[in-house]
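Some notes on the structure that comes next.
In listed order, ligands and their atoms are each counted from 1. Quick note: residue numbers are just sequence positions, from 1.
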Amino acid sequence: MLLIDGHLDLSMNALEWNRDLTRPLAEVRQREAGKSDKVDRGRGVCTLPEMRRGKIGLCIATQIARYVAPDNPLPGWYSPEIAWAMTQGQLAWYRAMERRGEMVQIADRTTLARHVAIWKNNPSSNAPIGYILSLEGADSIVDLSYLERAYASGLRALGPAHYGAGRYSPGTGASGGLTPAGRDLVGEMQRLGITLDVTHLTDEAFWEALNLYDGPVWASHNNCRALVPHQRQFSDEQLKELIRRDAVIGAAFDAWMMVPGWVRGKTTPADTGAKIETIVDHLDHICHLAGTSRHCAIGSDLDGGYGTEQTALDLDSIADLARLTEILARRGYSETDITGIMHGNWIRKFSEALPES
Ligand SMILES: [Zn+2]
């Protein structure tokens, strides 16, 4: 069954991890043998062939580049212009994938409908993977005039925040509301028709952004605070507001967001027993709050800077997500629910969010 993944940092992996995602997974891992510059060297789980094997024919794919001020300890770039240039390199990689026929950008409803029809109808083994271009953290938008340029390149969604202090909004691990520039950014997103991705916003910025913005909303990769108490996850009040706004929430497979008490770099999947099925606890929780499964989807983040050391114990490749259909059925989800979670709910939201042509 077609699976839509609401969050993959494909181009970041290609450029910053130096991974050729067109190659077989075993080869990508092999090439990293002996390297230790990233924690997940040799343990990546996502390549384009593996996505095809798992019938992941469409995803929201990011550009991502953080600006860091001199006092910001997080990794990042030293000026907004450098961050912008990084995102343009990432865009160049997506374009090169398009030229090879590996990927295809989905920026309007007509292209979406055509692409979904191909993937629902026995796609060829080398069918291009569709991507909706999104920006994770808005630091690279040097000023608002850059947003218009980004839209022209196909940018259709934006999450103003990532980790720590941001130029437009503080994010995970930080506190406070949108910056004045962030409030302007949200207004400009509304004007251009760019979807608001509320993932990574602080609680304060979450409510502020939703008050300022009344266009389409999603949370590309978010789990439930009721199950894993941390600000990175959404509280029930936040989830209820997203349900009220008819948002779609992509469940993430970063293990520290799946099970409570995970210590990065210390806890192992075997310590917690976190499995692919563990994600269903999060889906169940949202379904119970909503009384329907129409807001649930997948946003795996399975190339977000970690690999097998920090995801479900029984997940070796992103293709293993295909097992969700059987797991959801076993957990009592109907055929309609399963189709919605695997792709239907994202398609509904994309159809509303994207321009006609
Ligand atoms: Zn993220």
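Protein atoms of type N/O/S that fall under 2.8 Å from the Zn ion (ligand 1) number 3 in this view.
The aromatic rings of W119 and H115 sit tilted relative to each other, their planes meeting at an angle between 30° and 60°. In this structure, Y163 and H200 have tilted ring planes: the angle between them lies in the 30° to 60° band.
With hydrogens and angles left out, the side-chain atoms of Y131 and E98 include a donor and acceptor closer than 3.5 Å. Side-chain contact of T268 with D271: a donor-acceptor pair under 3.5 Å is present, judged by distance alone.
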request  = List the steps and the verdict of side chain to side chain donor-acceptor pair (under 3.5 Å) for H282 and N222.
outcome  = CA-CA 9 Å; H282 291 268; N222 256 101; over 6 Å; no
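Between R19 and D303 there is no salt bridge, since no side-chain N of the basic residue sits under 4.0 Å from a carboxylate O of the acidic one.
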